[in-house]
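Below is one structure, written out as structure tokens, with a few remarks after it.
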Amino acid sequence: MSAKKVKGASLSFTPIVNVEVNKEDFAHAGEGSSQIKANLLKLGYSPKAIRQVAVASYEAELNIVIHSLGGWLECGVRPGLIQIVARDRGPGIADLDKAMEKGFSTAPPHIQQMGFGAGMGLPNMKSCCDEFTIESKAGSPTVITMLIKDEG
Amino acid sequence: MKSHSVALEKGRCVGCTACIKSCPTQAIRVKKRMAFITEARCIDCGECIRVCPKYAKIANTMDLEAIREYRYPVALVSPALYGQFPLGTDSSLVLSGLIEMGFKRVVDVAQGADYLESIINGYVEDHPDIRPLISAGCPAVSRLIAVRFPELAENVIPVFSPAEIMAKLTREKMIKEGYPAKEVGIFYLAPCTAEVTAARNPIGMDERVIDGSISIGDVFWPLFNIVKGLKVPVVSSHFSAKGLRWASIGGEAKMLKGNYSTLAVDGLGSLIEVLESLSMGRLQGIDYIEGRACTCGCVGGVLNVENSYVAREIIRQTSRRIKPEMEMEEGALRWQDYQWNHSLQYQAALLLDEKPEVAMLKLEAVNDILRKLPGMDCGACGAPNCRALAEDIVQDQADQMDCIFVFRDRVTSLAEDMVKLSRKLPLSMSEDM
């Protein structure tokens, strides 16, 4: 599933962050996103782009924590363009269209009670970035790729 | 840039590295047994002053003599000052003591806090699309956002602080009464370094409205001695319990009318956590954040003399004895009349380089160096952690040998080489074939 295309997306990105994210590790959820944000500030990306990246990467990180068997959060950059990749070890999403609907959640009740898994993760990620791609099917890993343009 | 109010008294600094880890923007390095502050990063929070065991970090404030440069000096009194006096001290006597010290007029910042109520309520109502809104009441918080959280700059409410509101109103009033503008000098009796800097170099405004700042710590003892001997006040204080409580954490958040969800966060550590969460979109449903860099709020300011918890309790007790709310004679103030000239500006002080390509190369170099450092974050090199040292090395401000672990490994390997060499015999004597 893929949305609008961003120019330069096929070129290579310089990796700046690659962190492992563990299943149900709520205590450390957000650390990867925080690292990404700190690095982007050092590189001179605009506050607007950083705002989008912070939300998109945190939602992706949280999705790995809540729904997956664990995975990785990666960030790569090029001048004017930031790429966030969230990949996991599965178990995959059976119905992608349904998963993209606002408010649809498969998070178990105990996680929803903690204030997570409100069914806004994927829609939020999509609305925060300029290009959103998700590859997944039941029984296989999920890979989410997001591109955020920095127009200064 | 000489606008900062945190400075170093060189003779006292022994280079102990106590301050480097307390700095929220990693602005301090110790070199040659002396601390140095990177001005562009300093947010004037005063944490380094607080933790320095040698009292070498000092506040750059004016002394009382400065008020004599003006014919009509005005004291702008922080409500935190009332938290320094023993419980039961009449606030009007405190103000009268200041008149005795040479001020021609005394004005309460707590009254400005009373006026702030309508300003922030108006702003919150008129901006339903920005949530949460962040109070600009603590200048250290605004500056922290400008340096470390620029993505949250648009959430900061761009209006005057209570001190600035009172400075503006007082100046306008005195000019109207016929005082020559140049002869009126407005001095803020400030509880913290951030307020001192904000008076000198206002956030969001091109022109200053306060002429100078004097530390509460410098004023307190002479004032206390005068107040002890006073029986009858010559002036009276004008503020409500609400305005007074603005000096303690939660005082501003409580001013919001309507069913808003608010967070009152004190202390830089907690505040940074909250701002991180906010930045990631985690704080859904929160409408307003009152952030204060100091524990307990302004009563915890580094220039105060009393313990922040005691001062907070004195303020709380005092507020129960005075009128709960202010009756607004002139009607409520509009935020539009007390708005900044420009929004909070991003201060790109953490950049590795102005040029993005160069910054990228430097970041890669930082990560390469970081892999060779021990990751102990011990601070012995004079930088707050290994990453900061790696950045300094890349910026040519430090050397890998500044790390005592890298240095020791180098010594070990040299020593091993020496031993090997010492056993080496000239070819003529060697038994190796």
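Here the structure is a predicted model, which is why all the values come from computation and not from measurement.
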May I ask you to name which of B/R282, B/Q284, B/E154, B/M360 has the most heavy-atom pairs under 4.5 Å with chain A?
B/R282

pair A/L41-B/P150: side-chain heavy atoms closer than 4.5 Å:
yes

So what's closer than 4.5 Å to chain A heavy atoms on B/E364: side chain, backbone, both or neither?
side chain

Would A/R51 and B/N155 count as a side-chain contact (heavy atoms from CB on, under 4.5 Å) if you check the C-alpha gap in whole Å, the side-chain angles of each, and the deciding distance to 0.1 Å?
CA-CA 12 Å; A/R51 195 178 175 110; B/N155 295 60; 3.1 Å; yes

More than 12 foreign heavy atoms under 6.0 Å from CG of B/N259: is that the case here?
no

Just how far is it from atom CD of B/E151 to atom NZ of A/K37, taken to the nearest 0.5 Å?
4.0 Å

For A/K42, is it the side chain, the backbone, both, or neither that has a heavy atom closer than 4.5 Å to a heavy atom of chain B?
both

Considering only heavy atoms, which portion of B/E354 lies under 4.5 Å from any heavy atom of chain A: side chain, backbone, both, or neither?
neither

Testing the basics here: between A/S34 and B/E276, what is the closest heavy-atom pair and its distance to 0.1 Å?
OG-OE1, 3.2 Å

Greatest number of heavy atom pairs closer than 4.5 Å to chain A - which of B/E391, B/E357, B/K362:
B/E391

How about A/K48: does its NZ atom have over 12 heavy atoms from other parts shown lying under 6.0 Å from it?
no

Please find the pair of heavy atoms, one from B/M280 and one from A/G30, that lie closest to each other, and give the distance.
CE-O, 3.2 Å

Does a sphere of radius 6.0 Å around CE in B/M401 hold more than 12 heavy atoms from other residues, nucleotides or ligands, not counting ones at 6.0 Å or beyond?
yes

Checking side chain to side chain contact (heavy atoms under 4.5 Å, CB included) against B/L363, which of A/T14, A/V77, A/I16 comes through?
A/I16

Can you tell me which portion of B/L350 sits under 4.5 Å from chain A's heavy atoms? Options are side chain, backbone, both or neither.
both

